[in-house]
Structure formats: structure tokens, C-alpha cells
Amino acid sequence: MPVPKININDYTYDLPLNRIAKYPLEERDQSKLLVCDDSGISHNSFNHIADLLPFDSTIIFNKSKVVPARLFFKKKTGALIELFCLQPYIPNEYSLSFDSVGRCSWIVKIGNAKRWNNGYIYLDSSNNVELDNIGMKASIVKKEGDKSIVEFSWDGDRSFSEVMEMCGKTPIPPYLKRESEDIDKTRYQTIYASIEGSVAAPTAGLHFSDRVIDTISKRGISKQEIVLHVGAGTFVPVKCDLISNHNMHAETFTVTIDMINTLITSISKENSIIAVGTTSVRTLESLYWLGVKCIRGIEPNLVDQWEPYGDIPNYTIDQALKALADWIILNNKESITAKTEIIIVPSYTFKVVDILITNFHQPNSTLLLLIAAFMGERWKQIYNYALDNDFRFLSYGDSSLLFRNRIKT
């Protein structure tokens, strides 16, 4: 399969530490907004974003909710062990795992792993004696590379979701170089988040307030939602020079048939599709490739990392989306849940997304590659402009509104 020959060192910039926003602004919608369209680059305020979006467009939000996935345990010797829950194992569906009572297993990353090879560890209650009543303990089922499958068990009739809320910490990004605080419980979460599962926030959505969303609705813009549970892989740096050697992480997403039918209608009318964040982009673009699988009689359950760069099919967006909608109906479902490993890099041909709302991303990252694919060489001008005009960067930083020219396929 042909793979783009891209050197990650061509997609970097100098990001001073003092430009990384360590905390959110007092009000969500008061962040700066960089705007890049055919007329050039300018700046505005995020609370005015509705005025900049085309009439009759469709905006897509990711309503995945960040869970307090960092759990702290102790060995009987006193050694502190952190368990960072990445994704459910048994049950392997998010909703079933969060509803589990008494026992469940997760794929986790273990902090201080050298101190724990076997046996039980027990929930650390040193800062909250009420946690003793949970009776929670954990044991290693097996190790898989740098991750492990860990079984949790606890007393009483609380669900795993309730246990997490009682004793877990918000998994803020490591580049903030601070411990999570009370403010992160609400601000490292979009106001429309409703489906538990993410271990990192879809940060483009952090800027939206009720008044901004209300203004968007009054402008006649259709609002739709998808769910993609953001994994810790979003923070994994690209450690190899050639992107072809980088293994992209998989993330689970769910899209309803109503959402797909809305896309079909919007695209047929040539209305703009606006993605809130790179997670929405990954989901929306993956739908085309799932539809291609349906046309070819292949189960639409996974989009491989390099699938869009091989033998490019000549199916239109309409054909692919309609095939996916037909598959959902044929299987008596109301939605489709699948995984995507898609990596979007320069040379990728966008099928769905016309406009992107997103934050400013780390140097040498797959997210920056996505921006470069979306905006071409203009990505350098965009980031230089942001640096020269005191924009704040990364998860709690400022936002951008990026327009591209739709390529009809």
C-alpha cells in the first residue's frame, strides 16, 4: 500500500513554554479566534464565531465526556501506584463497563510499574477516609507491551462510573506539567459532553458557551453530534523521522443514521460541513471509508491507518454514505459503532469536512499534520501569525477557524 513519504521534522515550530496555556480563561467564549480563509488571516474573538460561519451549514460536535480516569492505589508496603484507565476490556463496551457493579477489567497504563508485578493493590484513601468504604482493589490479569489488563473489584452496589467519580482524577494533558485541580473537573469538559469514555478532552469544543451555541442556532446552522472517545494516544509524540513508521492509535466512535442522512442532505445541497475539532474530522472522514467497505461487501468495523492512501476508489461521497446508511438499516440498527486508525497527513483528499474549528497543536504531532493536510502550506503562516499575535496554545489555549476549498470527489 503506498504510504506518503513525509518527514515529521518538516512539520514543527518553536513553541516557548510560556505560550502553553496552563489554565483556562475565566469565560469559555472569550478566547482569541484566528480566522484563515481565502481573504487571508485575521483575528477575532470566539464569542463572535457564529457571525463567521456560512448560513445553512451543518456543524458537528463530539459529545464524548472525559472521565476521571486516573486512579491511585497503594501496595501493602506503601508504594503508590497510578492506574490510568485507557479503554474497557471486560465488558468491552464503554456503557456496559461504566454500568458494571462489583467488577470490571480495563486496559491501563501503570505508573510506578516497577513496584507492582502481581498481587492486589488497594485504593489509596489517605486523602479521603470515606474511600475505605468502597473496598476497591486491583490485580494484573496480563501485561501487553507498555500496557496491562487490570481487573478492578469493589464492594457495594455502586457502578464503576460512580466509583470513578468518587476517587478518580481528571486526566489533564502531561504538557501542562501540573496536577489536576478542581477547576479541571468542569473546564476540561465541553458543556455538551454527555457520553462517558474519553481520557482527553476534544478541546476545540471547550470554547463553546450556551450563548455561542444559541447564536449559532439563530443563524440557521444545523447542529449535529457524533461520539468519538478520545484516547491517550492523542498525546503520543511522533518518535520516528518518517511518518510511515508511526503507528496511529485506534479510537472508537459512534454515529447515528440520522446524522448520516443529515450529511447526505447537506452535501447534496453543497452546504458547508463544519467540524468542531480534529476528533470530529477523524470521525467524519472515516465514514466515507466505512461506506466503501459496505459497497465492497466488507464489514464496516475499522478504518485502517493507511487505507485512504492506497487504491483510491472512485465512489462519490453520496454513494459511500448511502451504502453505510443502508448497512445500518439492513442490520436493524440506529447507529454504527466502529474504530478508526485513520491518519490524516498531507496528500489526503478530504471527502466531508469543509471548515474546521480547532486549537493550536504541538510541534511534530499527528494533529499538526492533519492541519497541514487541511490547509496546505498555509499552516506555517497560521502558526507564525498565532505566535506573533500572542495566541495561547494547546488544550486550554485559543482557537482557530480554518476554511478550505472543497475538492469534489
Practice task
Any pair with a residue in residues 241-268 that passes ring-ring contact (aromatic ring centres under 6.0 Å, His included), sequence neighbours left out, goes on the list, sorted by first then second residue, please.
Solution key: none

Practice task
Please collect all ring-ring contact (aromatic ring centres under 6.0 Å, His included) contacts where either partner lies in residues 319-339, sequence neighbours excluded, each pair once.
Solution key: none

Fill in the blank from the handout: Paired with Trp154, the ring pair (Phe, Tyr, Trp, His ring centres under 6.0 Å) test is passed by just one of Phe73, Tyr122, Phe160, namely Phe160

Practice task
Take Lys22 and Glu181 through the test salt bridge (charged side-chain N to carboxylate O under 4.0 Å, His left out) and record every step on the way to the result.
Solution key: CA-CA 11 Å; Lys22 298 192 75 170; Glu181 302 175 21; over 6 Å; no

Handout entry: Asn261, CG: over 12 other non-hydrogen atoms inside 6.0 angstrom
Key = yes

Handout entry: More than 12 heavy atoms of other groups within 6.0 Å of Glu26 CD
Key = no

Just by distance, do the side chain of [X] and the backbone of [Y] share a donor-acceptor pair under 3.5 Å?
| X | Y | value |
| --- | --- | --- |
| Asn331 | Lys333 | no |
| Asn44 | Leu33 | no |
| Tyr383 | His361 | yes |
| Lys32 | Asn389 | yes |
| Ser45 | His48 | no |

Exercise for the section: Determine, stepwise, if the pair Ser39 / Asp37 fulfils side chain to side chain donor-acceptor pair (under 3.5 Å). Expected result: CA-CA 5 Å; Ser39 64; Asp37 55 20; 2.6 Å; yes

Practice task
Please report the closest heavy-atom contact between Ser395 and Leu206, naming both atoms and the distance.
Solution key: O-CD1, 3.6 Å

Exercise for the section: Indicate the atoms forming the closest heavy-atom contact of Ser266 with Ile273, along with that distance. Expected result: CB-CD1, 3.7 Å

Completion exercise
Residue pairs meeting salt bridge (Lys or Arg N to Asp or Glu O under 4.0 Å), one or both in residues 94-105, sequence neighbours left out, come to Arg103-Glu151

Exercise for the section: Would you list the pairs meeting salt bridge (Lys or Arg N to Asp or Glu O under 4.0 Å) in which at least one residue belongs to residues 337-350, sequence neighbours left out? Expected result: none

Less than 6.0 angstrom separating the ring centers of [X] and [Y], yes or no?
| X | Y | value |
| --- | --- | --- |
| Phe208 | Phe46 | yes |
| Trp106 | Phe98 | yes |
| Phe391 | Phe393 | no |

Report all side-chain donor-acceptor pairs from residues 165-174 shorter than 3.5 Å, counting only partners two or more places apart or in another chain.
none

Problem - N-O pairing of Asp29 and Arg211 below 4.0 Å - result: yes

Exercise for the section: Answer yes or no: is there an ion pair linking Asp214 with Lys218, defined by an N-O contact shorter than 4.0 Å? Expected result: yes

Problem - Qualifying side chain to side chain donor-acceptor pair (under 3.5 Å) pairs, either residue in residues 185-194, two or more places apart - result: none

Handout entry: Distance under 6.0 Å and angle within 45° of ring axis: Arg378 vs Tyr385
Key = no

Practice task
Could you tell me whether Arg219 sits above the aromatic face of Phe55, with NZ or CZ closer than 6.0 angstrom to the six-membered ring centre and within 45 degrees of the axis?
Solution key: yes

Problem - Ser57 and Ser272: CA distance, side-chain angles, deciding distance, side chain to side chain donor-acceptor pair (under 3.5 Å) verdict - result: CA-CA 5 Å; Ser57 52; Ser272 295; 5.9 Å; no

Exercise for the section: State, without any angle test, whether Asn62 and Ser280 hold a side-chain donor-acceptor pair at a distance under 3.5 Å. Expected result: no

